[in-house]
Structure formats: C-alpha cells, structure tokens
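The structure presented is a predicted model; accordingly, all values stated were derived computationally and were not measured. What you see below is based on every heavy atom in this structure, not just the backbone, and it leaves out hydrogens, waters and symmetry mates.
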Amino acid sequence: MIDATSKKIVTDSLWDNNIVFSQMIGLCPLLAVTGTATNGLGMGLATTVVMLICSALISYGRLFIPQEIRIPIFVVLIAMIVTAVDLIMNAWMHDLHKVLGLFIPLIVTNCAILGRAEAYASRNPVFHATLDGLMMGVGFTVALVLLGAAREILADGHLFSSASLLLGPGFSWLETTVIHGDYRGFLLMALPPGGFLVMGFLLAGKKAVDKKLLALKQARLPQVNEQLPVEV
C-alpha cells in the first residue's frame, strides 16, 4: 500500500514541484535537445536512469559520507553514472547516440540531479529517495517530450521522427505525419528561439490550470463547511 509520503512524492514530481514547470531548473538540456519528441524522450530516459541510480546510492551511503566533502563525492558519483550511461548508449543505441552523444555528458552539469541529491536523497531513506529520483526523472521526461512534440509538429508536421532508433523497429508506428499536404514548416520552431517560445506557452498553460484548480478548491470550501455539524 502506498503511504502518504510516496503519494506526495509522485504528485510533486509530476506536477506541483516539477523540475521544469515549477522549479525552472535543468533548462539547458531541455532547450538544446528538444528539436524532436524522440530526442526529448531519449534524453529524458537517460536523465531518469542517472537520477534513479544516483538517488539510491546517495541515500544508501548518506550515513557513511562525511558532510564536509559530500558535494565533491556527489559530483564524482554522478559523473561515473553518466559516463556508464553514455558508453551503454554508444554500444546499444549507436544511431541515437550520434544525435544525443554531444549532450549526454552534459547531464553531469544538470543542476536538477545534484539538487535532488543534496536536498532529498542525502536526508531520506532509500525507498523514498529512489522513488523521488525515479519520479523526478519521469516528470522531467514528460516536459522534454511535450516540448519536443510541439516543436516537431510546428517545424515539419511530424511526430516522433526516427522513434525506431530509440525503441527499436517494432515502434516505427509511432512515427506519425500530423500535418498532411504541402506543409512547408515553421523554421523558427526548429531553432533555439522556438524552444523558448514553446516553453513560455507551456508555463502559461500550467499557470492557468493551477489557477482553475485553486478556484474549484476554494468554491468547494463553503459547501464542506455547511455540511459540518454545528456544536451547541
């Protein structure tokens, strides 16, 4: 049975405290690799694996790591995991590695990973720290895929181009043409300024949803108070 702490970790990671949409960190890889949804998914999965392993190891070793040198140890540990992920991608997903290979080592400098290691994994038990690393990575992946999908559709009318490079030939059905006909594409969306524009619209959309949810919650409060028994 999932406890309250685990539920809060899931909701915080996916929505309330999402790395991109709420904390606004890790934006360099977000804007650099989201030219397509496939690139965003590949980078997101690689980051999730690093966050998952890093959070589990740091939480397990938190009682043995000296506080005075914990940050250098965290950085070295993250660099080792990223190097392993980079080599595995180069060996097993070489075509995708040729596209993302330049950015995989930059996962080391993703402040979101070091931030979660210091703020949560080093202060909580292994189960909750591992769940936090996994779900924070999933929330980051969702943000990358949303941004990549929007940019890819607007840039050339396709979605999940070359998905078979990442997931195998069996997932070639994901490669979809969204806008048919003589669509010439919106070149700005394929360039870095397009990433900033789409990011701005996504943030505005989340703010609007949060405002709507808050209004619904406040509208229900008087009804709940009226149903409470009155003590005489």
Side-chain angles (χ1 to χ4, degrees), residues 2-56 58-59 74 78 81-82 85 100 103-104 106-124 127-154 159-160 189 192 194-217:
I2 301 178
D3 56 24
T5 303
S6 299
K7 290 181 180 177
K8 189 174 189 309
I9 290 173
V10 174
T11 55
D12 279 355
S13 304
L14 297 181
W15 187 263
D16 294 333
N17 197 28
N18 184 280
I19 290 175
V20 176
F21 297 136
S22 294
Q23 299 182 45
M24 297 286 291
I25 57 179
L27 299 184
C28 294
L30 177 89
L31 297 170
V33 304
T34 53
T36 67
T38 301
N39 289 356
L41 179 60
M43 188 69 176
L45 292 178
T47 305
T48 300
V49 171
V50 173
M51 292 191 75
L52 173 66
I53 298 175
C54 180
S55 295
I58 287 176
S59 177
F74 293 170
I78 293 170
I81 299 171
V82 170
V85 171
L100 297 179
F103 302 103
I104 295 299
L106 294 180
I107 295 177
V108 178
T109 63
N110 190 332
C111 52
I113 300 175
L114 183 59
R116 295 313 296 178
E118 166 64 11
Y120 197 90
S122 63
R123 305 176 186 184
N124 289 278
F127 175 74
H128 287 147
T130 305
L131 181 63
D132 179 78
L134 173 64
M135 297 312 301
M136 280 291 172
V138 172
F140 186 66
T141 302
V142 170
L144 262 69
V145 172
L146 285 177
L147 189 61
R151 292 180 64 186
E152 185 178 0
I153 292 173
L154 293 172
L159 183 62
F160 283 108
M189 290 297 108
F196 283 102
L197 288 175
V198 176
M199 181 69 187
F201 282 112
L202 290 177
L203 290 176
K206 183 182 183 299
K207 291 292 184 183
V209 173
D210 283 339
K211 188 176 180 180
K212 185 67 175 178
L213 292 175
L214 180 61
L216 291 174
K217 185 177 180 180

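- The side chain to side chain contact (heavy atoms under 4.5 Å, CB included) test applied to K8 returns D12, not counting sequence neighbours.
- The shortest side-chain heavy-atom distance between V145 and F160 falls under the 4.5 Å cut-off.
- Between C111 atom SG and L27 atom CG the span is 8.0 Å, to the nearest 0.5 Å.
- Taking D16 as the reference, nothing meets the salt bridge (charged side-chain N to carboxylate O under 4.0 Å, His left out) condition, with sequence neighbours excluded.
- Formation of a donor-acceptor pair under 3.5 Å by the T36 side chain with backbone atoms of E152 is not found in this model.
- Once rounded to the nearest 0.5 Å, the distance linking CD of E118 with CD1 of I113 reads 15.0 Å.
- The shortest heavy-atom contact between A150 and V198 is CB-CG1, 3.7 Å.
- F196 CZ to L147 CG: the interatomic distance, rounded to the nearest 0.5 Å, is 10.5 Å.
- With contacts defined as side-chain heavy-atom distances shorter than 4.5 Å, the pair M199/L203 qualifies.
- Side-chain contact between H128 and S59 is absent, with no heavy-atom pair separated by less than 4.5 Å.
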**OP:** Check step by step if side-chain contact (heavy atoms from CB on, under 4.5 Å) holds for M135 and L131.
**Re:** CA-CA 6 Å; M135 297 312 301; L131 181 63; 3.8 Å; yes
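- Nearest heavy atoms, V33 versus N39: O-CB, 3.0 Å.
- I153 has its side chain out of reach of M189: every pair of non-hydrogen atoms, C-beta onward, lies at least 4.5 Å apart.
- To the nearest 0.5 Å, atoms NZ (K207) and CG (L202) are separated by 13.5 Å.
- Distance check: I9 CD1 to N124 CG gives 7.0 Å after rounding to the nearest 0.5 Å.
- Within the structure, the side-chain hydrogen bond (donor to acceptor under 3.5 Å, both in side chains) test picks out the following pairs touching residues 41-56 (sequence neighbours left out): T48-T141.
- Minimum interatomic distance between W15 and V209 (heavy atoms only, all atoms of both residues): CZ2-CG1, 3.7 Å.
- In plain terms, the two heavy atoms of A56 and T130 that are nearest each other are CB-OG1, 3.4 Å.
- Across every non-hydrogen atom of G26 and N110, the tightest pair is CA-OD1, 3.5 Å.
- Within the 4.5 Å cutoff, no side-chain heavy atoms of M43 are placed close to those of T34.
- Once rounded to the nearest 0.5 Å, the distance linking CZ of F201 with CG of L146 reads 15.5 Å.
- When side chains are defined from C-beta on, D132 does not count as touching M51, because their heavy atoms never get closer than 4.5 Å.
- Minimum interatomic distance between L144 and G40 (heavy atoms only, all atoms of both residues): CD2-O, 3.4 Å.
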**OP:** Evaluate the criterion side-chain contact (heavy atoms from CB on, under 4.5 Å) for residue pair R116 and C54; output intermediate values, then yes/no.
**Re:** CA-CA 9 Å; R116 295 313 296 178; C54 180; over 6 Å; no
